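Inspection log for the structure reproduced underneath, given as structure tokens.
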Amino acid sequence: MAVDRLSVTVPSELGAALRALAEARGQTVSTIVTDAIAHQVRLAALDLALGEADRRFGKLAGDVVAKAEAELVGASVTRRRKPRRQSR
């Protein structure tokens, strides 16, 4: 795989937090940064696609968006809960 070597400047607190995160995950700083960049690129592509959908089909009503957000939050909370063990 071809790579592109970049140099970035970040506040020292962010750099320290990044190194600590990489160590805690057992990953390299480059892996953490690569994943973050890929995530931002996907979000930007999604934003463009949603903007195009809004132009083609019209914007969704606020109440529809609010309902969908509530359903996603509820589903996320339900998935994170661990089932309780039944006592005998």
Side-chain angles (χ1 to χ4, degrees):
M1 169 179 66
V3 296
D4 192 358
R5 185 174 296 274
L6 304 174
S7 175
V8 298
T9 303
V10 299
S12 59
E13 299 84 15
L14 185 58
L18 174 59
R19 285 187 291 281
L21 175 63
E23 185 176 336
R25 289 185 177 175
Q27 297 178 318
T28 65
V29 167
S30 290
T31 297
I32 301 288
V33 172
T34 297
D35 290 349
I37 293 168
H39 181 73
Q40 288 298 316
V41 168
R42 286 190 303 272
L43 287 177
L46 178 59
D47 193 45
L48 287 172
L50 290 173
E52 178 60 24
D54 283 348
R55 283 187 289 284
R56 290 181 67 189
F57 306 111
K59 291 188 178 242
L60 291 173
D63 60 327
V64 173
V65 174
K67 181 180 176 189
E69 287 174 343
E71 289 174 4
L72 284 172
V73 169
S76 175
V77 168
T78 302
R79 272 193 312 233
R80 279 188 266 167
R81 289 187 187 144
K82 291 183 179 178
R84 293 184 183 175
R85 289 187 175 184
Q86 294 180 350
S87 57
R88 294 180 187 206

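Numbering starts at 1 and runs along the sequence shown. Computed from a predicted model, the values in this text were never measured in an experiment. Just so you know, these numbers use all the heavy atoms, side chains as well, and skip hydrogens, waters and symmetry mates.
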If you measure from CG on Leu50 to CZ on Arg55, what distance do you get to the nearest 0.5 Å? 10.5 Å
Looking only at heavy atoms, which two atoms of Asp54 and Leu60 are closest? And how far apart? OD1-N, 4.4 Å
Stepwise side-chain contact (heavy atoms from CB on, under 4.5 Å) test for Asp35 and His39: CA-CA 6 Å; Asp35 290 349; His39 181 73; over 6 Å; no
Counting only pairs under 3.5 Å, give me each side-chain donor-acceptor contact of residues 17-33, with atom names and distances, residues two or more places apart or in other chains.
from  : atom 1 : to    : atom 2 : distance (Å)
Arg19 : NH1    : Gly15 : O      : 3.4
Thr28 : OG1    : Thr31 : N      : 3.0
Thr28 : OG1    : Thr31 : OG1    : 2.8

